[in-house]
Structure formats: structure tokens, C-alpha cells
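Data first, discussion second: the structure below is written as C-alpha cells.
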Amino acid sequence: MVGGTMSAAAGNGRGDASRTPPLRVDAQRNLEHVLRAAREVFGELGYGAPMEDVARRARVGVGTVYRRFPSKDVLVRRIAEEETSRLTDQARAALGQEDEPWSALSRFLRTSVASGAGRLLPPQVLRVGVAEDGAGPDEARVPQQRMQPGTGELRLVPEQPAAADPVDDAGAAALLDVVGQLVERARAAGALRTDVSVSDVLLVIATAAPSLPDPAQQAAASARLLDILLEGLRSRPQA
């Protein structure tokens, strides 16, 4: 079909077909600009930032953003899924390339914080509850995670309808699973405090990735803060 159109255009002596590739290139470039701008804006202001801010940062009209993403929810889901997938890949790399459990966990944390992914963690995997009367500490701190009785398997328990979550359950569950393996290995080796949960580790990633205007200052602040947080995660010998 495309070949036939190009041949017909060439036979008619018109350059219609030659103008098509640049349009596709421009569209792809605009998409990349929008996605980059969305990561920056949402990373700085959170997922509540308006689409107009994304368009302004991308230097395109807001109509261009909406042509690619018919609603803000669609754009948020795209960014959240990409960042969740990136964190999952980073956790798997640390799990597969570091034999020592603490080194694996700390490598994952340093890589993820340096990448800035923590600023874009979706609420579905970064939800911390408030303690209620009669609730245990784990139930209060990590309401979205539950251990399957008798299996030790971490399950995701959504607290909102699936349509309200910015990332699909499968992607969130994959991240929780692989980070859970890092946590369990470090805990079993005696290197990690026994009260540290998967949600705590994800909170470290989010907390140690501040958004500062100067890149060098941001990198230095992140590294320093992460060093302090890692010390807080480590298990200490009993006196």
C-alpha cells in the first residue's frame, strides 16, 4: 500500500511522498520532547502538575500533548509504567550481578537514586498508611503488601479501583517481587534490620532523590542522604 502510494507519487512527478518521512520524524521528536518534559515536570511537581506545564516545558502546544495522550491519566500511566519498569530492571540487575546480599541491595539503591526514578514512583507502590487501633506495625506501614500465609510470597493488595492506579498491577507486583527478593536476602544474611520492609526501601529511593536546580548539588545531596539512609537500614550487632 505504502509502496503503491510512493510509486504513484513518483510517477506523477510530485514530491508528496518525500514529505511524509519528515512529518513522521517531527512527530517522533515531539513525542520524545513531551515524554522528557513530563518526566521533568512530574519529577519536580508530582503527578498533580497540569498538562499545560508539560507542554510549556516541551515547547509545544498543549494540543500536541493531547494528540499523543488524550487525557492526563494516559500520560501519567505511561510515565509511571516506564519508571516502574526501569526500577524493576535495576533491581534485577543488582540481584543477578552481586553475590553478597547487602552489596546487591545497596547497589540497587544507589543506581535507582542516581537515575532519579524515585521521584516518579507511582502511589500504588509507594503508599504508606496511618496506624489504626488494633493494626499491627506492618499493616499500618505497608497496607498494599501482604504475605500469603504459608508461602512467604509478597502479594499486591490494591486499595483503590484499578482504574485509579497510574500503573498496572502486573508492573507494580513485578517491582515489589524483585525488591522483596533483595530485602529477604539481605535480611537472611543478617545485614538488614529485621523491621525493614519493601515499602521502606522504596521510600528510601523516593526520599534520597531530591529535585534541586543545580545538577551537581542534586547529585551530592542525593549521595550524602543515601549514605545516611543506608546506615539506618543496616543491622547492628547486639550489645
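Residues: numbered from 1 along the sequence shown.
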Legend entry - Donor-acceptor contact present, side-chain Y47 to main-chain R77, <3.5 Å: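 No, because the side chain of Y47 does not come within donor-acceptor range (under 3.5 Å) of the backbone of R77.
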Legend entry - Under 3.5 Å donor-acceptor, D177 side chain and A174 backbone: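 Not a single qualifying donor-acceptor pair exists.
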Quick one: [atom1] on [X] to [atom2] on [Y], what's the gap to the nearest 0.5 Å?
| X | Y | atom1 | atom2 | result |
| --- | --- | --- | --- | --- |
| L120 | E81 | CG | CD | 13.5 Å |
| R86 | T111 | CZ | OG1 | 11.0 Å |
| L105 | R110 | CG | CZ | 10.5 Å |
| L233 | R193 | CG | CZ | 7.0 Å |
| L182 | L192 | CG | CG | 10.5 Å |
| S106 | L229 | OG | CG | 13.0 Å |

Inset, instruction - For atom CG of D214, decide whether the heavy atoms of other residues, nucleotides or ligands shown that lie under 6.0 angstrom number more than 12. - result: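 Yes, because the 6.0 Å sphere around CG of D214 holds more than 12 heavy atoms from other groups.
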Can [X] and [Y] be counted as an ion pair, charged N to O under 4.0 angstrom?
| X | Y | result |
| --- | --- | --- |
| R56 | D53 | yes |
| R185 | E98 | no |
| R234 | E231 | no |
| D195 | R187 | no |

Write down the atom of [X], the atom of [Y], and the distance for their closest heavy-atom approach.
| X | Y | answer |
| --- | --- | --- |
| L109 | S112 | O-OG, 3.1 Å |
| T88 | G171 | OG1-O, 4.4 Å |
| F69 | M51 | O-CE, 4.0 Å |
| A208 | L225 | CA-CD2, 3.7 Å |
| R68 | P70 | O-CD, 3.8 Å |
| G190 | S235 | O-CB, 3.2 Å |

Inset, instruction - May I ask you to test the K72-V54 pair for a side-chain heavy-atom distance under 4.5 Å? - result: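 When only atoms from C-beta onward are counted, V54 and K72 do not touch, as no gap falls below 4.5 Å.
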Inset, instruction - Side-chain contact test, heavy atoms from C-beta onward, threshold under 4.5 Å: evaluate it for F42 versus L75 and give yes or no. - result: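 Side chain of F42 against side chain of L75, heavy atoms only: contact under 4.5 Å found.
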Please list every donor-acceptor pair under 3.5 Å in which a side-chain atom of residues 31-39 meets a protein atom from a residue at least two apart or in another chain.
{"unit_1": "E32", "atom_1": "OE2", "unit_2": "Q28", "atom_2": "NE2", "d": "3.3"}
{"unit_1": "H33", "atom_1": "ND1", "unit_2": "R36", "atom_2": "NH1", "d": "3.2"}
{"unit_1": "R39", "atom_1": "NH2", "unit_2": "E82", "atom_2": "OE1", "d": "2.5"}

